[in-house]
Trainee: 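One structure is given below, represented as structure tokens, and several questions about it will come after.
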Amino acid sequence: MRSTPAPRSAARLGRASAAAERLALALIGAALATPAAADVGGSLVIASDDRFRGASTSDGRPVATAALSLDAPSGLYGGVSVTAGGVRDEGVRLLRSVQYVGYARRVAPSVSVDVGAVRRAYDRYATIEYGRSFTELYAGLVGRRVSAHLFYAANYDGWGHDASYVQVEGTLVERGRVTLSGHVGGLRPPRIEGFGQAITLDWRLGATWRPDQVAAVSLTWIGAGQGYDRYSEDRRTGRRGALVLSVSRAF
């Protein structure tokens, strides 16, 4: 069994967490001050599983996700989503919530710079290896068909250890109402004394059919490199590949 990692100094963790919170609050405040011309949208998604960087966050069971987003002409944007599903003998319960704020600015005809912060919280049924609740800062470039982002969390595992994640995703093929998209990401996990720090990869390949402008049906293969729970060298973390079916509708 792995021993519980000791937290970093409270001062260092406090400074990093405070910086993330200040950025998030500043972006939220700016978004609230944005004129009413901002676009507000919503969506409802029903999926056969909910996955985060290759690992199931719903115990491998179907989920429903409701999301609300705001996109201002100034480039500020934000949103919130909640996911619920039935788990074992406990009935339907909230499994995760995500809140994000960001700012995108075009720097070329087909390229934008994108920065922001995202807060994620997961129920205990999530099979992710590290923390159940954490904030990440991100920055990246967004093009017409491809985007790349770098994420950084000062307290990724709940014990004051940082981690970074890089992802590249984009549209591979577009034929009428059918789109083929892909994603690949790499996590540099928290550095825990006495254990290695190998990069964990995850990937996604999906086909989406859009019968109209508001509905979509997707079939996605999601996989990741095998990992271990940070408290046990024997228990796998549920990172087996899965084929996920989802149906969504925008409002």
Side-chain angles (χ1 to χ4, degrees), residues 38-58 60-73 75 77-83 85 96 98 100 102-116 118 120 138-151 165-187 200-225 239-251:
D39 291 331
V40 178
S43 65
L44 179 64
V45 181
I46 298 176
S48 60
D49 190 3
D50 186 57
R51 298 233 157 192
F52 174 64
R53 295 174 184 169
S56 177
T57 67
S58 64
R61 297 169 182 264
V63 297
T65 299
L68 182 67
S69 63
L70 178 148
D71 192 356
Y77 63 88
V80 59
S81 69
V82 292
T83 298
R96 73 168 166 92
V98 177
Y100 64 91
Y103 176 75
R105 181 180 179 84
R106 184 171 295 178
V107 294
S110 60
V111 179
S112 296
V113 172
D114 182 32
V115 297
V118 55
R120 311 177 194 271
Y138 63 85
L141 296 175
V142 179
R144 289 179 180 173
R145 298 178 65 91
V146 65
S147 66
H149 284 84
L150 173 65
F151 294 78
Y165 178 81
V166 62
Q167 69 176 31
V168 178
E169 52 190 15
T171 301
L172 304 177
V173 178
E174 243 181 334
R175 291 289 184 273
R177 296 181 179 180
V178 178
T179 301
L180 183 65
S181 60
H183 158 102
V184 62
L187 172 69
T200 300
L201 298 177
D202 68 274
W203 53 88
R204 183 174 68 242
L205 181 64
T208 300
W209 173 58
R210 300 183 184 278
D212 53 44
Q213 294 183 345
V214 297
V217 179
S218 299
L219 190 62
T220 307
W221 174 257
I222 303 174
R239 288 179 174 271
R240 295 180 179 178
L243 194 61
V244 177
L245 174 67
S246 66
V247 179
S248 64
R249 182 175 179 84
F251 300 97

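FYI, side chains are in, hydrogens and waters are out, and symmetry mates aren't considered; it's all heavy atoms of this structure.
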Trainee: Roughly how far apart are Ser43 OG and Leu68 CG, rounded to 0.5 Å?
Mentor: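 Spacing of OG (Ser43) from CG (Leu68) equals 9.0 Å.
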Trainee: Using a 6.0 Å cut-off, check whether atom CZ of Arg105 has over 12 heavy atoms from anything other than its own residue.
Mentor: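 It does not: Arg105 CZ has 12 such atoms or fewer within range.
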Trainee: Just so I know, are the side chains of Asp49 and Leu243 near enough to count as touching, which here means a heavy-atom distance under 4.5 Å?
Mentor: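 No, too far: nothing below the 4.5 Å cut-off.
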Trainee: To the nearest 0.5 Å, what is the distance between OG on Ser69 and OH on Tyr100?
Mentor: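 OH of Tyr100 is found 5.0 Å from OG of Ser69.
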Trainee: Please determine whether the number of non-hydrogen atoms from other residues, nucleotides or ligands lying under 6.0 Å from atom CZ of Arg210 exceeds 12.
Mentor: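 No, because the 6.0 Å sphere around CZ of Arg210 holds 12 heavy atoms or fewer from other groups.
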Trainee: Of the non-hydrogen atoms in Thr208 and Ser218, which two are nearest, and what is the gap between them?
Mentor: OG1-OG, 2.8 Å
Trainee: Would you call Leu187 and Asp202 a side-chain contact if the rule is heavy atoms closer than 4.5 Å?
Mentor: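 In short, these two side chains do not touch, never coming nearer than 4.5 Å.
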Trainee: Side chain of Ser48, backbone of Leu245: donor and acceptor closer than 3.5 Å?
Mentor: yes
Trainee: Okay, side chain of Thr57, backbone of Asp50: is any donor-acceptor separation there less than 3.5 Å?
Mentor: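 Yes, Thr57 side chain to Asp50 backbone: donor-acceptor pair under 3.5 Å.
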Trainee: Check Ser110 against Arg144 and note the closest heavy-atom contact, atom names and distance.
Mentor: CB-NE, 3.3 Å
Trainee: Heavy atoms only: give me the nearest Ala47-Val244 pair and the separation to one decimal.
Mentor: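 Heavy-atom minimum between the residues: CB-CG1, 4.3 Å.
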Trainee: Hey, does the Lys NZ or Arg CZ of Arg120 hover above the aromatic six-ring of Phe52, less than 6.0 Å from the centre and inside 45° of the axis?
Mentor: no
Trainee: Is the ring pair Tyr138/His149 parallel, tilted or perpendicular, if the boundaries are 30 and 60 degrees?
Mentor: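 Because their plane-to-plane angle is over 60°, the rings of Tyr138 and His149 count as perpendicular.
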Trainee: What pair of heavy atoms forms the shortest contact from Val178 to Trp209, and how long is it?
Mentor: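 Looks like CG2-CD1, 4.0 Å.
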Trainee: How many angstroms lie between CD1 in Ile222 and CH2 in Trp203, if you round to the nearest 0.5 Å?
Mentor: 11.5 Å
Trainee: What is the distance from atom CD1 of Ile46 to atom CZ of Arg249, rounded to the nearest 0.5 Å?
Mentor: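 The distance works out to 12.0 Å.
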Trainee: Determine whether Glu169 and Arg204 make a side-chain contact, defined as any pair of heavy atoms from C-beta on separated by less than 4.5 Å.
Mentor: yes
Trainee: Please round to the nearest 0.5 Å and tell me the distance separating atom CG of Leu141 and atom OG of Ser147.
Mentor: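 Result: 9.0 Å between the selected atoms.
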Trainee: What I want to check is whether the side chains of Arg96 and Thr83 have a donor and an acceptor closer together than 3.5 Å.
Mentor: yes
Trainee: If you look at every heavy atom in Ala67 and Ser81, which pair is closest and at what distance?
Mentor: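 Minimum heavy-atom contact is CB-CB, 3.9 Å.
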Trainee: Nearest 0.5 Å, please: how far is CG in Leu180 from CD in Glu174?
Mentor: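 If we round to the nearest 0.5 Å, Glu174:CD and Leu180:CG are 10.5 Å apart.
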Trainee: Ignoring hydrogens, what is the shortest heavy-atom contact between Ser112 and Arg106? Give both atom names and the distance.
Mentor: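 Heavy-atom minimum between the residues: OG-CA, 3.6 Å.
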